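Heads up: the structure comes next, in structure tokens.
Values in this document were obtained by computation on a predicted structure and should not be read as measured data. Reminder, nothing fancy here: chain letters follow the sequence lines and each chain counts from 1.
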Number of protein chains: 2
Amino acid sequence: MHSVSTSDVPADVPPDVLGRAIRLLVLVGEHPHGITLSALARESGVPVSTSHRLVNSLCREGLVEFEAAGKRYKPGLRLFQLGQQAGQVYGFAGTALPVMQRVTRQTEEATLMSVLDGTRHLYVHYVDGPQPVGVRSDPGRHGPLHCTSMGKVLMAFAPDDVRTDLLERVDLTPHGPNSITDRDVLRATVARAAERGYATADEEHHRGLRAVAVPVLRPDGSVFAALSTAAPAFRRDMDDLIALVPLLQSAASELGVRLPAR
Amino acid sequence: MHSVSTSDVPADVPPDVLGRAIRLLVLVGEHPHGITLSALARESGVPVSTSHRLVNSLCREGLVEFEAAGKRYKPGLRLFQLGQQAGQVYGFAGTALPVMQRVTRQTEEATLMSVLDGTRHLYVHYVDGPQPVGVRSDPGRHGPLHCTSMGKVLMAFAPDDVRTDLLERVDLTPHGPNSITDRDVLRATVARAAERGYATADEEHHRGLRAVAVPVLRPDGSVFAALSTAAPAFRRDMDDLIALVPLLQSAASELGVRLPAR
DNA sequence: CGGGTTTTTCCACTGAATGGAAAAGCTATC
DNA sequence: GATAGCTTTTCCATTCAGTGGAAAAACCCG
């Protein structure tokens with residue numbers, strides 16, 4: 001008898017077609033320029049021949065596309081379509097972008113919107129500022145909660161149980177020079193944000209980047225999203241950004257009123 | 001013995017977890033206000049207990065969300081996220097919206113963008129016109145090829161083999177008072193669109209709705225999408241819309257140059 | 001309360017999914 | 001152009017994950 005015997009890899013998790021297929025789907029999504037079969041198999045831990053069959057099934061359904069030249073798998077059109085429909089349901093479509101566009105026109109800086117997704121936040125919308133130098137952030141990516149203005153706001157206005165839970169669990173890896181790394185400091189900061197109605201981040205996520213964020217609240221008072229203005233530090237000091245809070249708040253309430261009550 | 005016996009439903013297709021799961025996923029996507037388990041099972045043809053297990057797996061992965069009050073399944077956040085990533089890959093994100101916004105500001109009518117998806121087209125972006133009365137169209141939905149300006153353009157500029165194939169296969173169900181119902185007429189109309197560089201639709205899709213569309217071409221000359229202006233018939237006659245073609249074309253070429261070469 | 005509907009759990013059966021292995025390609029490198 | 005290393009694709013005997021009927025639980029409404 002061998003000590004670890006039959007299986008050498010960490011776990012002996014039950015295969016589970018669907019779970020695996022989705023893991024593959026996510027991997028494909030994470031590789032904008034396409035990913036090869038072997039890379040897929042390697043990164044997912046699913047045996048090559050099984051990966052092959054599964055990804056091809058996903059292709060048949062249009063969720064994944066196969067780029068014959070290059071032998072690479074890319075996200076498919078059906079995935080985009082389903083995502084759009086999901087966006088409609090969540091209320092991301094419609095008014096959000098036009099309103100954000102207006103905010104950008106007034107602030108002359110980038111405007112961002114995120115929702116809470118587990119222990120991170122998901123960038124949902126992004127409107128570029130007019131300036132050549134600005135903030136870039138792609139919808140569909142995740143950001144940390146503890147060192148972004150939107151993350152703090154989302155925690156501050158989350159239901160009590162969720163907030164306490166998050167404040168205990170969030171990862172405190174520093175991302176920028178001023179990242180909060182102490183859980184108690186974070187707790188205090190979030191409490192302050194809840195009082196004031198907005199949160200800031202001063203080079204906490206990226207060196208040279210400052211931001212303010214306010215919550216977008218549903219008619220029933222629950223948080224839907226965070227709305228934020230972000231700017232390079234050399235162009236705006238923290239007070240400049242805080243001065244934009246009323247503007248953000250009015251945009252946020254405009255967005256909030258039209259949302260489904262949860 | 002019963003005449004049809006054992007299985008009364010059409011086929012005895014092999015179960016196939018993934019296929020079924022995705023069918024369920026699509027169904028969930030099609031029901032913005034959520035769908036119940038039994039409806040899901042009924043509409044998909046998948047036995048209730050199996051549907052139950054599969055949808056719950058999809059929930060575990062975040063592709064579907066379960067609204068406990070109301071016992072309804074809705075599209076999940078992960079689905080939105082994956083869709084956004086897919087949109088990035090396709091080049092739907094980024095410049096498209098700002099440019100379309102500008103077009104709308106100039107035309108004062110709604111601007112739309114679609115891509116070819118099988119024998120239909122998929123609405124990808126939509127920018128509202130400023131007027132109270134206007135065209136509504138949700139990204140993520142499909143439209144017919146034979147009676148929309150974007151459909152005609154997409155066919156006209158598709159590779160030869162695809163075009164001939166589509167012209168033989170597209171469904172010619174009339175949707176508006178002037179829908180083309182004759183395959184040869186459609187062929188001629190599409191040929192004309194290819195020559196002129198734009199296509200029109202005059203109350204062919206909906207009564208009281210007119211539109212023009214131009215192709216968005218990649219640097220290598222292949223079609224990427226169609227860009228369109230749509231307006232209520234009472235406000236714009238066909239010549240008004242045709243007058244907008246140059247404007248649309250310049251926007252289209254602006255969009256086209258930045259696209260990956262296929 | 002009781003009949004109808006929907007959701008959830010259970011479990012014995014089985015054929016669909018599995019994955020190792022080998023074949024077929026594809027690119028270098030010498 | 002032969003050799004070696006890599007990736008993709010196909011094949012198939014084995015088996016265990018997925019299946020679905022049925023029953024239980026929860027729910028709903030008149």
The criterion is ring pair (Phe, Tyr, Trp, His ring centres under 6.0 Å); which residues satisfy it with B/His206, sequence neighbours excluded? none
Can you tell me how far P of D/dG18 sits from CG of A/Leu54, to the nearest Å? 11 Å
Taking OP1 and OP2 of C/dT18, is either one under 4.0 Å from a side-chain nitrogen or oxygen of A/Thr50? no
Under the side chain to side chain contact (heavy atoms under 4.5 Å, CB included) test, residues paired with A/Arg120 that sit two or more places apart: A/His142
For A/Arg53, all residues meeting side chain to side chain contact (heavy atoms under 4.5 Å, CB included), sequence neighbours excluded: A/Thr50
Can a side chain N or O of A/Arg53 be found less than 4.0 Å away from OP1 or OP2 on C/dT18? yes
Applying side chain to side chain contact (heavy atoms under 4.5 Å, CB included), name anything that partners A/Pro174, two or more places apart in sequence or on another chain. A/Ser179, A/Thr181
What is the distance from CG of B/Leu18 to P of C/dA17, rounded to the nearest Å? 8 Å
Excluding sequence neighbours, so at least two apart, what forms ring pair (Phe, Tyr, Trp, His ring centres under 6.0 Å) with B/His125? none
With sequence neighbours excluded, residues passing ring pair (Phe, Tyr, Trp, His ring centres under 6.0 Å) with A/Phe92: A/Tyr90, A/Phe224, B/Phe80
With respect to the phosphate group of D/dG18, does any side-chain polar atom (N or O) of B/Arg20 fall under 4.0 Å of OP1 or OP2? no
Roughly, in whole Å, what's the span from CZ in A/Arg72 to P in C/dC26? 16 Å
Spell out protein contact along nucleotides 2-9 of chain C as letters: B when the base is contacted, S when just the sugar-phosphate is, - when no protein heavy atom is under 4.0 Å; keep the 5' to 3' order. ----SSBB
End-to-end bend of the helix from C/dC1-D/dG30 to C/dC30-D/dG1 (five-pair axes, 10° rounding)? 50°
Applying side chain to side chain contact (heavy atoms under 4.5 Å, CB included) to A/Arg183 and not counting sequence neighbours gives A/Val170, A/Leu172, A/Arg187
Any side-chain donor-acceptor pair under 3.5 Å between A/Tyr73 and A/Asn56? yes
